[in-house]
Amino acid sequence: MSACVPTRTSDSPHTERVHPPHSPPRAPHRRFRVAGADVSASIAVFLIALPLSLGIALATGAPLQAGLVAAAVGGLVAGRLGGSPLQVSGPAAGLTVVTADLIHRYGWRTTCAITVLAGLVQLGLGCLRVARSALAVSPAIVHGMLAGIGVTIAVAQMHIVLGGSPQSAVLDNLRSLPAQLADLHPAAVAVSALTLILLLLWPRLPGRTGRLLRKVPAALVAVTGATATAVFAGLTQPRVELPSWSSHALAGLPEGPVLGLVAAVLTVTLVCSVQSLLGAVAVDKLIAARPGLTAQVSRSDLDRELLGQGATNVVSGALGGLPVAGVAVRSAANVQAGAVSRNSTMLHGVLVVVAALLMVPVLELIPLASLAALVMAVGIQMVSLHHIRTVTRHREVPVYAITTLGVVFLGVLEGVTLGIAVAVAVSMHRLARTRITHDEKEGVHHVHVRGQLTFLAVPRLSRALHHVPHGSCVVVELDGSFMDHAAYETLQDWQRTHTAQGGSVELTGRRAATETDTGIGSGSGSEGVVPSSTVQPVNGTADSPLACCRCRPWTPWRNHQCDAPPLEAPHGSPAAEHRAEPPNDPSDAEPDGRTSAVLPQVAESAVASGPARSAAASASEPAEPAEPSERVRQTDTTGPGERTESIGAASAAAATGSGPSGRQLVRGISAFQRNTAPLVRGELARLAREGQQPSQLFLTCADSRLVTSMITSSGPGDLFVVRNVGNLVPPPGEESGDDSVAAAIEYAVDVLKVRSITVCGHSGCGAMQALFDAEPGGVQTPLKRWLRHGLPSLERMADPGRPWARLAGRAAADAVEQLCLTNVVEQLDHLRAYASVSRALRAGELELHGMFFHVGEAQAYLLSEAGEGRGEVFDHVGVADLSA
């Protein structure tokens, strides 16, 4: 042993650190360190926060130091205690109108006391863990509130921009605006105009130099440029005045009527809480858009965020600062600047403290007109055209407009109250509005119900059903998501009567209800929400797991072109017009004629139908999901017969999209990126963060007609799929076998901990046909070597001592279909021979299922329990109707 290497003796005074095997060693204790990205992000946020804090304080009529106090406390306290690591809190423009009204009514010291009390209320709400309930407020109300506040800010600051002083009410400011325009102050107008021009043009600087310059915040450039111009030009106008901190006013005991103070506290609490919680959700979306950041930053804890905001308002109000809330502009800048932890928010607060103590002479050079122009621009931006388009698309313009006008002319609390009342009225109107139509097509009567089916619609439903002739064929289409007891009984009684008179009734639609699904009809008299998909329990057992399925179905795929169209069809030819004709299915329309906002319908319109896709679908704007938290059910843009499991020796031209098949591939991918990707990106981002946790292993054939996500109504992260020719499972230990299937089984059972394995065969299987027609001997091609794993299925079918597997209600159509059924049963036996599968079966942690899918009938069958001397039977899986 080299003398340079010290030997470790058993009597060494140092104790060796021991950690459990296969675990990482304990991280050594390190001193507090700040990432460089957090430092640069904090500087960027500070440069935005400094002028905005002074401008908001000016707009409220509070001491200018109050804006700096709120910015510093928001960065330090909310940054440390809040539940959203990258959200930046401070004096928000959304609180400007509220704070200005409080100062005008009660004075500054009482306003600070109201801020403290609002913080205490926030702490109480945070302890009650009701943060999520704040998100129940309609986005139209929130956007309308912000728009109303923005209008109020812009109108008030317009007077300072023109060189005057604003009034306390919006109507007063509007009435005095003509007189103010007649009495302009050129210096103030010039400084304000320069500020607005820099704000508008700085983010649009072109070229590489512009890209570098745009890293400096536009707000800082605008205020700095206007200040420098005013100083060098010698313009005489009001400037920022920061009195000594020794004379800074702190909070005092609240003085005023009790009811007024309570209303003020509730208003500040509402606006601060809603704005902060919605801001935290928005920050999560910004973080999800940066894949490299999601692994470092956790999602927002809304209850902790509410507690942090409450503590911040208590401290800010006690120190004489403005009310604090999460600020969207600063938070977005924090994320975009590359922040990776809450240290950036806290450092920005430290920088504000340093600036408030050491940069007073510089801050006092800023003209008030420049700050007013900055705040006016912020107020105008709060009236977002994107929000207006969103509420228009969702038919919530009345809620938005009433909230905005109420905030502008009555106040924030009054406007929000009016908005909530209108939102409730609109919801009740939608619930009560049901369209029922009756028409006859080719001897079949169609009764179409659009909307929610409640007792209010029972008279019209009965009238429509009464006009249906006795003994006729009727199709009742239910296109709604809710059916109450009265409507259910009316429809059920009529169905029984019409059937007894020799007629037939078919209930269709995505939302047909059953007694099993809703609980109606059991004598309880309860109302039930009609699920989007209902599944008939296997063997009629109501306690089957399928009986409580609430997954949205895979919408039927359409627009498939069975015959390949000519490659060079003229643009205006009849063939091209036929291919571009959009589908006409009234069941996919909402009561107002729009496409349903449920994702499967969007994915349906995004399907690439061979070389010619629907022009109407490609031009349509994708609708938004009904609920952001809803699990995505379908993301695949290919249909039955289109899927290609592997790309073989494709030519380079086709791979790049220049050949027919390449164009089809690119067209399908483009349709996914345009229509479906925006809807599934959030779900896939969650799966990327959390990893895959599928519930079952689905082993099926590579046949292009089998779309597993369609058959099982599954989506990303639901199934761990293994596909091969003939859905074969090589017996364990098979020499020269394919280890990929065995590896997939071992990984699914031992690592992913799937709870079930399904082997799915299908009708018309080419592999089973080849296995049935194969002759012994001959050249051993790769296909023949693989199909030898199916020979036990042939032997099983030829064994006279074993009863044949069969479909419930009928025999197999031919010998090949019989072999397909037998093969499923045989492959399940192969599965049981695997050590990992056998071990999980004994522990009760795994279930095996056999499945057969008849392609021509689009019908699924599940293998029932063997026994009772009847052999293996594949039971029909149907859709429950209303009389089930």
Side-chain angles (χ1 to χ4, degrees), residues 395 398 424-534 553 555-556 583-598 601 626 879-884:
R395 298 175 298 157
V424 172
V426 170
S427 299
M428 295 299 295
H429 173 70
R430 290 176 179 174
L431 183 64
R433 190 183 71 168
T434 306
R435 296 172 60 186
I436 302 175
T437 59
H438 170 225
D439 58 351
E440 181 183 358
K441 297 179 181 178
E442 299 179 356
V444 179
H445 293 263
H446 294 265
V447 178
H448 193 182
V449 180
R450 294 183 180 180
Q452 319 311 321
L453 199 53
T454 65
F455 66 94
L456 298 175
V458 166
R460 284 177 290 157
L461 177 63
S462 299
R463 189 180 305 113
L465 297 176
H466 179 72
H467 288 96
V468 176
H470 298 308
S472 60
C473 297
V474 186
V475 177
V476 180
E477 301 177 22
L478 302 177
D479 188 9
S481 59
F482 182 83
M483 179 190 298
D484 68 0
H485 198 177
Y488 174 83
E489 286 191 345
T490 300
L491 191 55
Q492 186 184 48
D493 293 342
W494 172 84
Q495 180 187 16
R496 291 172 178 170
T497 303
H498 189 79
T499 304
Q501 294 173 348
S504 64
V505 178
E506 179 184 357
L507 294 168
T508 64
R510 296 185 298 272
R511 300 169 177 87
T514 67
E515 293 180 7
T516 304
D517 297 315
T518 64
I520 300 175
S522 59
S524 60
S526 61
E527 297 179 353
V529 177
V530 182
S532 302
S533 176
T534 57
T555 302
N584 182 18
D585 187 358
S587 66
D588 289 337
E590 293 293 334
D592 62 346
R594 296 184 301 110
T595 302
S596 173
V598 180
Q601 278 68 44
V879 179
D881 58 12
L882 194 61
S883 60

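Distance check: Leu465 CG to Arg460 CZ gives 12.5 Å after rounding to the nearest 0.5 Å. For the atom pair CG (Asp493) and OH (Tyr488), the distance works out to 9.5 Å, reported to the nearest 0.5 Å. Atoms CG and OG1, from Leu461 and Thr434 in turn, are 9.5 Å apart once rounded to the nearest 0.5 Å. Note that NE2 of His498 is 7.5 Å distant from SG of Cys473, once rounded to the nearest 0.5 Å. Note: Arg450 CZ to Leu478 CG = 13.0 Å, rounded to the nearest 0.5 Å. Rounding to the nearest 0.5 Å places CD1 of Ile436 at 8.5 Å from CZ of Arg463.
Here the side chain of His448 pairs no donor or acceptor atom with the backbone of Arg435 at under 3.5 angstrom.
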Original post:
Under the side chain to side chain contact (heavy atoms under 4.5 Å, CB included) criterion, do Glu506 and Val444 qualify, and how do the steps go?
Top reply: CA-CA 11 Å; Glu506 179 184 357; Val444 179; over 6 Å; no
**OP:** Start with the C-alpha distance between Val474 and Trp494, add both sets of side-chain angles, then the distance that settles side chain to side chain contact (heavy atoms under 4.5 Å, CB included), and finish with yes or no.
**Re:** CA-CA 11 Å; Val474 186; Trp494 172 84; 3.7 Å; yes
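No option in His446, His445, His467 other than His445 meets the side-chain hydrogen bond (donor to acceptor under 3.5 Å, both in side chains) test with His438.
When all heavy atoms are compared, the tightest approach of Arg395 to Pro398 is O-CD, 4.5 Å.
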